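Working notes, beginning with the structure itself.
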Amino acid sequence: MKIQTNNPRVLAVQTLARVKDGAYSNLQLNQVIKKHDLSDADRRLLTTLVYGVIQHRLTLAYWLEPFVANKKLDDWVRELLYTALFQMQYLDKIPQHAVFNESIEVAKILGHVGIRKFVTGILHDISRRGLRDISAIEDNIEALSVKFSLPIWLIKTLIEQNGLTETQSMLATINDVPRQSVRVNTVLSSVDDVTLSLESEGFSVKKSEVARDALVISGGYVAGTKAYQSGWITIQDESAMLPVESLQLNQHVKTILDAAAAPGGKTTQMAQMISSEASITALDIHQHKVKLIQDNAKRLGVGDRVETLSLDARDVPSHFAHQQFDRILVDAPCSGLGLLRRKPEIRYDKTLADVNHLAELQLEILSAVSQNLAKNGIMVYSTCTILQQENDNVVNLFLKEHPDFELVRTQTAHNLKADREEMTLQIYPHDYHTDGFFVATFQKIDVD
């Protein structure tokens, strides 16, 4: 039976059940918000419940397990109980009696009398017995896994690569609410004018300390603003703007390849920085994603600077002239583990085998497109992940196989991590409270 309702808790439970079946949380949530007439408060509650439950799923499961034991639950019933636990433990403005009453009402709307009674019984049992303490878990890795709701393999890998102290610092922020940032489209507006426009609509706005032409904002639904609808801004994480900054674009750069461009955030960022004589060729393997690039470029008024093509980046050498491009950006397909705040379900979807497979693909793409870079040209390799398998390891393998390339220091507009020893730039989620990102910069050199 299809339920027609604008109750944010009902919508949260339904969305969570769909996400559990493989849907992306951000896409599902956007669809629900567009479909239902929700107040700002209800939209915030819906978003908070969906992301909160996904982020803390392993913790919530640990707390719920003693009360349901081996009972087989419908997906939506389990998600409903998770939303109740999440509100009780993480939302201090909602009293427990209200959580119980609202959760029982959701059970009544979505289920039959038996389920309502079952949910009521579980909630009262939780109130009587309390939740078991995570500190009772003896294994340190398992305890971290449950506390921060990350799979054990990921915890182990992060500790192996960064040490326990740095990993704990990272984990302490991994479930924070992500900041909302936008990039100002300087082709159509300016940072100052956009700031005034957003502030006039009630947003809090401050300049980014991470990326040029970026603003960190809060206070509402940015896609509904005049600035967004006029093409003055695009939604983009601050760290996602860094690969383009490191391309060292200037008036001498005429030809640019964006080898894995969809949905076009970095393509349009480059487009607003190039001269009228320059052009960008933007690729994606999927035609429907190529259309996203075109749509974004058109919305931002830079469609005339971007040519698009549906093409596997590994096939670039057979479609373009040797050494054709002055600059190449390879924002490679990756595990996305730097996006855990923004796409929390990624932590449960990926395995170490997936990471290793992606690293092989990334090296194949780099090796292919490198043939089309002009001498002395710059090629930037970036990922939105935090694991060395897809980052430093890929860079080292590429350099070993391509002596006609050297690694140069990654540069950013705000000179981030100026005291680092590495030529590459790794941004972790706790460094600036942005997405995790990795950027490596290569230059093609003459080899005797």
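Because the structure is a prediction, the values reported are computed rather than measured.
Considering only residues two or more places apart in sequence or on other chains, H433 meets the ring pair (Phe, Tyr, Trp, His ring centres under 6.0 Å) condition with none of them. Residues forming a side-chain contact (heavy atoms from CB on, under 4.5 Å) with L309 (at least two apart in sequence, or on another chain): L283, L311, F320.
Residues Y381 and D331 have side chains that never bring a donor and an acceptor to within less than 3.5 angstrom of each other. Using modelled atom types and a 3.5 Å distance limit, the side chains of R347 and Q55 yield no donor-acceptor pair. No side-chain donor from either of D192 and S190 sits under 3.5 Å from a side-chain acceptor of the other. No side-chain donor-acceptor contact under 3.5 Å links S246 and T410. Remark: the E390 side chain and the Q362 side chain contain an N/O donor-acceptor pair separated by less than 3.5 Å. Side chain to side chain, E166 and H430 meet the donor-acceptor criterion of an N or O pair below 3.5 Å. When only modelled atom types and interatomic distance are considered, Q96 and S127 share a side-chain donor-acceptor pair under 3.5 Å. In summary, the side chains of T5 and N7 do not present any donor paired with an acceptor at a separation below 3.5 Å, with no hydrogens or angles considered. With hydrogens and angles left out, the side-chain atoms of T351 and D354 include a donor and acceptor closer than 3.5 Å.
Ion pairing of D435 with R341 is absent here, as no side-chain N (NZ or NE/NH1/NH2) approaches a carboxylate O to less than 4.0 Å. For the pair E79 and R57, the salt-bridge criterion is met [side-chain N within less than 4.0 Å of a carboxylate O]. Between E65 and R132 there is a salt bridge, since a side-chain N of the basic residue sits under 4.0 Å from a carboxylate O of the acidic one.
Between F148 and H56, the ring center distance fails the sub-6.0 Å criterion.
In this structure, CD1 in I54 is found 7.5 Å from OH in Y51, a value given to the nearest 0.5 Å. Atoms CE and CD, on M270 and E245 in that order, are 13.0 Å from each other to the nearest 0.5 Å.
Annotation for K147: atom NZ does not count as buried by contact number, only 12 or fewer foreign heavy atoms lying within 6.0 Å. Within 6.0 Å of CG on D37 lie no more than 12 heavy atoms contributed by other residues, nucleotides or ligands. Within a 6.0 Å sphere centred on CG of N30, heavy atoms belonging to other residues, nucleotides or ligands number more than 12.
For residues 203-229, every residue pair satisfying the side chain to side chain donor-acceptor pair (under 3.5 Å) rule, not counting sequence neighbours, is listed here: S208-E238.
No donor-acceptor pair under 3.5 Å is formed between the side chain of S189 and the backbone N or O of T186. Remark: side-chain polar atoms of N391 are paired, donor with acceptor, to backbone N or O of T385 under 3.5 angstrom.
For the pair I365 and R314, the tightest heavy-atom approach, listed with the atom from each and the gap, is CG1-CG, 3.9 Å.
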